[in-house]
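What follows is a single structure, written as structure tokens, with notes after it.
Whatever order the structure lists ligands and atoms in, that order sets their numbers, starting from 1.
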Amino acid sequence: MPHARGLRETRAIDWAAMTPAGRYAPSPSGDLHFGNLRTALIAWLAARGSGRRFVLRVEDVDTQRSSAESAQRQLEDLATLGLDWDEVLYQHDRDAAYEAALETLPYYECYCSRKDIQEASRAPHAIPGQYPGTCRELSRAARASKRAELAAQGRVPALRLRAEVSEFTVHDALHGDYTGEVDDFILRRGGQAPDWAYNLAVVVDDGFQGVDQVVRGDDLLTSAPRQAYLATLLGLHVPEYIHVPLVLNAEGKRLAKRDGAVTLRELLETRSVGDVVEAMAAGLGYEGVRSADEFLEVFELGRLGTEPSVFEG
Ligand code: GLU
């Protein structure tokens with residue numbers, strides 16, 4: 001594991017002796033709703049049901065959209081639902097670890113604006129949404145001048161991984177083998193206030209927290225190949241992935257806060273926690289389960305499907 005040294009230096013632990021963990025990793029940008037909380041419940045059931053630790057991570061790398069108050073409310077809601085956990089890690093405390101990981105990776109500066117990337121990806125043969133590689137092979141002189149241009153606007157360049165593959169295959173317990181695109185994705189976002197990128201933070205933190213089981217919404221399945229590739233570059237184990245179906249609204253779209261009374265706090269104005277857990281369990285094919293602990297007694301990972309369920313309100 002040639003690249004793992006910088007990472008390990010940030011925590012003096014015996015990794016091999018660490019009990020593996022499952023996790024839930026919400027972004028603190030508002031209250032959790034029925035769908036988010038159902039995913040958290042499944043993550044807890046999968047971890048506890050397999051003798052793993054269960055850890056939380058407050059994914060507040062996006063400093064513009066995160067708040068400490070929201071993080072606090074999310075933790076309260078998870079406890080109200082009946083979940084417990086072994087630790088909480090805040091990404092805002094993790095700069096040194098991300099920096100150490102970054103220094104072991106091949107990366108380059110990217111000076112492109114969002115508009116530049118959109119225009120370049122309209123070119124023939126471009127794959128929509130994929131970084132076209134504009135800044136990958138710039139000369140030293142071109143880099144210096146672009147860096148100076150940004151600096152004059154008080155901005156710094158983004159940092160991108162110099163990926164050596166264009167796709168990567170992961171195994172998902174529900175979706176089987178899944179091959180997805182890997183491009184030169186961002187490791188640290190540029191601009192006036194650079195933030196660490198989600199993909200880097202997730203992988204470094206899952207490694208640090210001993211996570212070997214990742215349960216999350218299946219909207220993130222397409223991110224898994226990038227993250228698994230990054231894990232291998234960092235000398236970390238690729239976790240077992242379990243991308244679970246989302247909860248949809250009446251129109252068949254992903255449930256969102258604009259769909260009415262969907263946060264736990266709103267739901268509890270008219271019903272009990274038992275009612276909420278029962279509705280979550282019913283959507284997963286379990287009848288009459290009214291608490292997280294009761295659910296743990298009957299839960300079987302093998303019974304999870306990939307079909308989304310609809311929030312009945
Ligand atoms: N923080 C991400 C979100 O709330 C989830 C990240 C993950 O589970 O890997 O959407």
Open item on the list: For atom 2 (C) of ligand 1, tell me which residue out of Gln74, Gln227, Glu59 has the closest non-hydrogen atom.
Closed with: Glu59
TODO: Quick one: sort the Phe299 and Phe295 rings into parallel, tilted or perpendicular, breaks at 30° and 60°.
DONE: perpendicular
- [ ] Please state which part of Asn36 comes within less than 4.0 Å of ligand 1, counting heavy atoms only: side chain, backbone, both or neither.
- [x] neither
TODO: Please work out whether any backbone atom (N, CA, C, O) or any side-chain heavy atom from C-beta onward of Tyr24 is under 4.0 Å from ligand 1, and answer side chain, backbone, both or neither.
DONE: neither
Task: Closest approach of any protein heavy atom to atom 8 (O) of ligand 1, naming residue and atom - done: Arg23 NH1, 2.6 Å
Open item on the list: Please find the pair of heavy atoms, one from Leu32 and one from Asp77, that lie closest to each other, and give the distance.
Closed with: N-OD2, 4.3 Å
Open item on the list: Salt bridge or not between Asp212 and Arg52? Use side-chain N to carboxylate O under 4.0 Å.
Closed with: yes
Task: Atom CZ of Arg136 with >12 non-hydrogen neighbours under 6.0 angstrom - done: yes
Open item on the list: When you compare ligand 1 with Ala25, is there at least one nitrogen or oxygen pair between them that comes in under 3.5 angstrom?
Closed with: yes
Open item on the list: Using a 6.0 Å distance limit plus a 45 degree cone around the ring axis, check whether Arg57 lies over the aromatic ring of Phe208.
Closed with: no
TODO: Return the residue, atom name and 0.1 Å-rounded distance of the protein heavy atom closest to atom 9 (O) of ligand 1.
DONE: Arg216 NH1, 2.8 Å
Task: Val214 and Glu240, any side-chain heavy atoms less than 4.5 Å apart - done: no
- [ ] Give the residue, atom name and distance (to 0.1 Å) of the protein heavy atom nearest atom 3 (C) of ligand 1.
- [x] Ser27 OG, 3.5 Å
Task: Leu220 neighbourhood, listing ligand 1 atoms whose heavy-atom distance to it stays under 4.0 Å - done: 5 (C), 6 (C), 7 (C)
